[in-house]
Protein chains: 2
Amino acid sequence: MPPHDPTDLVRQLAHVPLFQGLPADRLASILTLAHERTMDPGDFFFREEDPAEHFFVLTRGRVKLTQLTPEGHQVVLSLLGPGDAFGGVGAFGEASYPIGAEAIGEAAALAWTSATMRHLFEQESTIALNALHFVSGRLHDLQRRHRQAMTERVERRVARAVLRLAHEAGRPVEAGVEITFPVSRQDIAEMTGRTLYTVSRLLSGWEERGLIRSGRQHIVLTDPEALAAIADDLPAR
Amino acid sequence: MPPHDPTDLVRQLAHVPLFQGLPADRLASILTLAHERTMDPGDFFFREEDPAEHFFVLTRGRVKLTQLTPEGHQVVLSLLGPGDAFGGVGAFGEASYPIGAEAIGEAAALAWTSATMRHLFEQESTIALNALHFVSGRLHDLQRRHRQAMTERVERRVARAVLRLAHEAGRPVEAGVEITFPVSRQDIAEMTGRTLYTVSRLLSGWEERGLIRSGRQHIVLTDPEALAAIADDLPAR
DNA sequence: GCTGGTCTTTGCGCCGGCGCAACCGTGCCC
DNA sequence: GGGCACGGTTGCGCCGGCGCAAAGACCAGC
């Protein structure tokens, strides 16, 4: 893919949470310090324990933040979309990443070294405040999901995970809402800490009841309201 | 309790994470904007959905951050100790608190209005960066605990919760390590999303095996290494 | 078009944890 | 000192989810 025209990039990135409120000339200057990284499906921007050398802002595609269990199983903690920042620990002196960042499909991000990013946080209070706002939002989101993970039965949590995918990356189609990137039973299992067999049984049951239509790594929500009823307390959209 | 001597307070708070690196005169000035709040055991600094009017730094005692399930059960997301900040969402425009903050035993905190705090973040990049560092650390801590909650059996998680209590608020006694504030079976159940009967069975079993000694809301770890073996992958201290 | 690999489905026995009940022990207050 | 309330203990039947096995389906590459 050809390098972005810098003016295009400034326009595109002016709206990402981290750079909100930053003058265009200042943003252009910051972008000259960045490198672009592209990843093929399944590649990692970084793995857990890698040296924390860079900070990233996702420009294209999707990324899942992962951790491994001591037994080597992968768990998905969050999904990121374009405009989201990740990998910030190095700017605060952490030696290595505590999580991994794996591309779902093809993905691209801008990368700054951790030292550069530390310097930008110190120089630009707008960026530091935006980052604080962004990370606080992610903390509260994870607090809610953690409470749900600790207390809810598996069907509710799987329903919630599927609705969340549809909400963040769904597009309307004639039959309902289609999740626009490949999602396997194993992916949903990793998001919910269950096994792919449990997820498969649930999705098969929903398909029988007409709530979804699914194929290999492909899901369409044909009755999102019924799924929401299973998930129970999804806030109205 | 008599109001603090301001010089004492500056000395005490110079080391809390939020104010690290701030000149003493600037810190003194910030402290003049604060009010002190004290809470009796079981009182809330704020409850979930309360208007997000204040930002807090805990000066004495302990606080648990909680959420309610739709069924009205309480879950403990984190414990805070002296020096920890909480309640920051109002500084970013959120109308209400997404979590509750309940005093364990008697507790005291300094409180600033959300508008004052927003202003301080904008004026003092040191505070904004410190807050970013603090919140990022909490996010990573919760990511790890979330992964553990999703994938681990209940005995491991309860062992982990008890070890964590001992680590954060334990003191050496002749028999081992005593948790220095009252902790009931119900408290541990709320931290782990299980029932007090399950926690009771586990603790009774550990007591039979000589790993702990416990009474009413009181636990001494007599064999922390054995508990760590149960928890399995507690990092060495 | 065929084959191989990957993903999905389904069965079944087992076990961890829950829910509910009933009881016990301890501490505090009168 | 006694009684009551609260916290802790223990039993037992039930059920959700797992682990493993086996088979089926689908997609991509040759």
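Quick note on labels: first sequence line is chain A, next is B, and so on, each numbered from 1.
- Judged by distance alone, the side chains of B/Thr38 and B/Arg60 never bring a donor and an acceptor atom under 3.5 Å apart.
- In DNA chain C, stems built from 3 or more consecutive Watson-Crick or G-U wobble pairs, each with both distances under 3.5 Å, span C:1-30 with D:1-30.
- Between B/Gly193 and A/Val199, the residue anchored nearer the 5' end of DNA chain C, judged by the nucleotide with its closest heavy atom, is A/Val199.
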Could you write out each protein N or O paired with an N or O of nucleotides 13-15 of chain C at a distance under 3.5 Å?
none

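- Atoms CD1 and OG, on B/Ile99 and B/Ser78 in that order, are 7.5 Å from each other to the nearest 0.5 Å.
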Compile the donor-acceptor pairs under 3.5 Å between side chains in residues 48-56 of chain B and protein atoms, sequence neighbours left out, one pair per line.
unit_1  : atom_1 : unit_2  : atom_2 : d
B/Glu48 : OE1    : B/Leu68 : N      : 3.0
B/Asp50 : OD2    : B/Arg47 : N      : 2.9

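- Within the model, atoms OG1 of B/Thr66 and NE2 of B/His73 stand 14.0 Å from one another, a figure rounded to the nearest 0.5 Å.
- For the atom pair B/Leu142 CG and A/Leu142 CG, the distance stands at 4.0 Å (nearest 0.5 Å).
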Tabulate atom names and distances for all N/O pairs under 3.5 angstrom spanning the protein and nucleotides 3-8 of chain D.
unit_1 : atom_1 : unit_2   : atom_2 : d
D/dC6  : O2     : B/Arg216 : NH1    : 3.4
D/dC6  : O2     : B/Arg216 : NH2    : 3.3
D/dG8  : OP1    : B/Gln217 : N      : 3.1
D/dG8  : OP2    : B/Arg185 : N      : 3.2

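- Closest of all the heavy-atom pairs between A/Ala131 and A/Leu18 is CB-CD1, 3.7 Å.
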Donor-acceptor contacts, no H, no angles, side chain residues 179-194 of chain B, under 3.5 Å, sequence neighbours left out:
unit_1   : atom_1 : unit_2   : atom_2 : d
B/Thr180 : OG1    : B/Ala169 : O      : 2.8
B/Ser184 : OG     : B/Gln186 : N      : 3.3
B/Ser184 : OG     : B/Asp187 : N      : 3.1
B/Ser184 : OG     : B/Asp187 : OD2    : 3.3
B/Arg185 : NH2    : B/Ser214 : OG     : 2.8
B/Gln186 : NE2    : B/Glu190 : OE2    : 3.1
B/Asp187 : OD1    : B/Lys64  : NZ     : 3.2
B/Asp187 : OD2    : B/Ser184 : N      : 3.0
B/Glu190 : OE1    : B/Gln74  : NE2    : 3.3
B/Thr192 : OG1    : B/Ile188 : O      : 2.8
B/Thr192 : OG1    : B/Ala189 : O      : 3.4
B/Arg194 : NH2    : A/Met150 : O      : 3.0

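- Comparing A/Val154 and B/Glu208 by the nucleotide of DNA chain D whose heavy atom lies nearest to each, the residue mapping closer to the 5' end is B/Glu208.
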When you look at B/Glu155 and B/Ile230, which way does the side chain to side chain contact (heavy atoms under 4.5 Å, CB included) test go after all the steps? CA-CA 7 Å; B/Glu155 189 176 20; B/Ile230 293 176; 3.8 Å; yes
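- Heavy atoms only, all atoms of each residue included: B/Arg213 and B/Ala175 are closest at NH1-CB, 3.9 Å.
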When you compare the protein's N or O atoms with those of nucleotides 19-24 of chain D, which come within less than 3.5 Å of each other, and at what distance?
unit_1 : atom_1 : unit_2   : atom_2 : d
D/dG19 : O6     : A/Arg201 : NH2    : 3.0

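- Nearest heavy-atom pair across B/Arg145 and B/Leu77 is NH2-O, 2.6 Å.
- If you measure from atom CD of A/Glu152 to atom P of D/dG16, you get 16 Å, rounded to the nearest angstrom.
- Following rounding to the nearest Å, B/Glu155 (CD) and C/dG17 (C1') show an atom-to-atom distance of 13 Å.
- Residue B/Glu71 places its CD atom among more than 12 non-hydrogen atoms of other residues, nucleotides or ligands, all under 6.0 Å distant.
- When rounded to the nearest whole Å, the span between CG of B/Leu202 and C1' of C/dG17 equals 10 Å.
- The separation between A/Arg213 atom CZ and C/dT8 atom P is 18 Å, rounded to whole Å.
- With B/Thr222 contributing its side chain and B/Gly176 its backbone, the two residues share no donor-acceptor pair below 3.5 Å.
- A straight line from CD1 of A/Ile219 to P of C/dC7 spans 14 Å, rounded to a whole angstrom.
- Across all non-hydrogen atoms, the minimal contact from B/Gly61 to B/Pro82 is O-CD, 3.4 Å.
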